[in-house]
There are 2 protein chains.
Amino acid sequence: MQKIEQFLDSKDIRVTAMRLLIYKFLAEKQVAVTLSDIENAFEKADRTTLYRTIKTFEEKAIVHKVDDGTGITKYALCEQGCNCEIETDLHLHFHCNNCNETVCLTEHKIPQIKVPDGFVSENVNLVVKGICDKCSGQ
Amino acid sequence: MQKIEQFLDSKDIRVTAMRLLIYKFLAEKQVAVTLSDIENAFEKADRTTLYRTIKTFEEKAIVHKVDDGTGITKYALCEQGCNCEIETDLHLHFHCNNCNETVCLTEHKIPQIKVPDGFVSENVNLVVKGICDKCSGQ
DNA sequence: TCAATAAATGCACTTCCATTGCATTGGTTT
DNA sequence: AAACCAATGCAATGGAAGTGCATTTATTGA
């Protein structure tokens, strides 16, 4: 666990028990999670704390928001290869209509999108919906 | 206005004053609108009516939902060239970070997106964010 | 035309998620 | 140990989405 502590420290975040737990939770999950997911996993903790922890993580570029179109914001750890601040490095997200899970397809970059004259592209969000590998049974 | 009446009729929708007004409102706007936008435009009408009208329009493929990542659902008229039921015909949406407006770039189709083995793509949502032509000043 | 029927509208309420203010706790620093 | 600041917890708010039910309005058909 020393690793996580060092990591948080390197991000200028004070290490607390709660933050370690939440980070661990996110790291174990391979999918983007909602605040409710975290809430269910830590019923002892207050919702606000979780909310603010995630917000802090987001500000420090430890997690990024995932808008998969379900209307509920999800969050996923920024892994190696996830430079979510950099426009040209955005990956896409896949939302499974069956199990309702959303995963980052980090290795799949978003192709260059052309926009009409006068429009300036700063950011791109691309969500593919369908059936994920687990649900399609292969 | 006869045109609109005929159009609604062709979509198997009963023509009412409210529906004509809302349709006209959507047609005049060149951008995707939220329920609140419509609400503000028709303060005399009940929100539920507007909500259900839009829902009806959506079911009859008169409007389509636009999820531009603001967290608030927007709606835009399906124009010629908008076959929003057909997967391969999806256009992309542009959200302006300055004026907060979202427009359909109907003529810009979403490129084919490759997903990993085992994943089945059914639907794609692509939102480009940045500065729109009006705000970029050209 | 008038009754019967169905759809559209309006009102009240609920739920869910996101967010904030304020008090309190706990850890750091000097 | 005192002072300070960040983290946590509690309570409450706000906004959007959605639902149930009563009422009005329009359509149908006897």
Side-chain angles (χ1 to χ4, degrees), chain A residues 4-26 32-60 62-76 95 100 102, chain B residues 4-26 32-60 62-76 95 100 102:
Chain A
I4 300 181
E5 296 193 22
Q6 281 172 19
F7 175 71
L8 292 182
D9 204 59
S10 75
K11 291 281 190 176
D12 271 327
I13 289 183
R14 206 175 276 191
V15 177
T16 69
M18 208 63 248
R19 288 177 178 172
L20 284 173
L21 285 173
I22 294 179
Y23 186 91
K24 245 188 94 185
F25 176 74
L26 289 168
V33 300
T34 67
L35 207 56
S36 295
D37 291 336
I38 305 178
E39 209 181 337
N40 292 334
F42 301 97
E43 297 198 337
K44 325 112 194 181
D46 187 77
R47 186 186 166 75
T48 312
T49 303
L50 306 175
Y51 171 73
R52 284 199 253 245
T53 300
I54 281 292
K55 205 174 171 189
T56 302
F57 281 4
E58 198 192 345
E59 284 161 1
K60 301 293 184 178
I62 294 174
V63 302
H64 61 263
K65 265 191 185 153
V66 179
D67 170 20
D68 63 3
T70 56
I72 303 164
T73 305
K74 296 185 178 178
Y75 301 89
H95 175 75
N100 203 35
T102 301
Chain B
I4 301 179
E5 297 193 22
Q6 282 171 20
F7 175 72
L8 292 183
D9 204 60
S10 75
K11 291 282 190 174
D12 271 324
I13 288 182
R14 207 176 276 190
V15 177
T16 70
M18 208 64 246
R19 288 177 178 173
L20 283 172
L21 285 173
I22 294 180
Y23 186 91
K24 244 188 92 186
F25 177 74
L26 289 169
V33 300
T34 66
L35 207 56
S36 296
D37 291 336
I38 306 179
E39 208 179 338
N40 293 333
F42 302 97
E43 298 198 336
K44 325 113 195 184
D46 188 77
R47 225 193 67 254
T48 313
T49 304
L50 306 175
Y51 171 72
R52 284 199 254 243
T53 300
I54 282 292
K55 204 175 171 189
T56 303
F57 281 4
E58 198 193 345
E59 284 161 0
K60 301 293 183 176
I62 294 173
V63 302
H64 61 264
K65 264 190 187 157
V66 179
D67 170 20
D68 64 3
T70 56
I72 302 165
T73 305
K74 297 184 178 177
Y75 301 90
H95 175 76
N100 204 34
T102 301

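Just so it is clear: chains get the letters A, B, ... in the order the sequence lines come, proteins before strands, and each one is counted from 1.
- Of all nucleotides listed (dA18(C), dG18(D), dA16(D)), dG18(D) comes nearest to the side chain of R47(B).
- Look at Y51(B) and you'll find a side-chain N or O under 4.0 angstrom from OP1 or OP2 of dG18(D).
- For T16(A) (side chain) and R19(A) (main-chain N/O), a donor-acceptor pair under 3.5 Å exists by modelled atom type.
- Put simply, CD1 on I72(A) is 13 Å from P on dT19(C), counting in whole angstrom units.
- Among the protein residues, T34(A) comes within range of no part of the nucleic acid, since none of its heavy atoms lies under 4.0 Å from any strand.
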Reading nucleotides 20-27 of chain D from 5' to 3' and marking B where a protein heavy atom lies under 4.0 Å of the base, S where only the sugar-phosphate is that close, and - otherwise, the string is BB-----S
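- Under a 3.5 Å cut-off, the side chain of S36(B) and the backbone N or O of E39(B) do not form any donor-acceptor pair.
- With sequence neighbours excluded, no residue forms a salt bridge (charged side-chain N to carboxylate O under 4.0 Å, His left out) with E59(A).
- Using a 4.0 Å heavy-atom cutoff across all strands shown, K55(A) reaches sugar-phosphate atoms only and no base atom.
- Residue T73(A) is classed as a sugar-phosphate contact, given heavy-atom separations below 4.0 Å to backbone atoms only.
- Each of dT9(C), dC17(C), dT8(D) was ranked by its minimum atom distance to the side chain of T49(B); first place goes to dT9(C).
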Please set out all donor-acceptor pairs under 3.5 angstrom arising from side-chain atoms of residues 8-15 of chain A, sequence neighbours excluded.
| unit_1 | atom_1 | unit_2 | atom_2 | d |
| --- | --- | --- | --- | --- |
| S10(A) | OG | F7(A) | O | 2.5 |

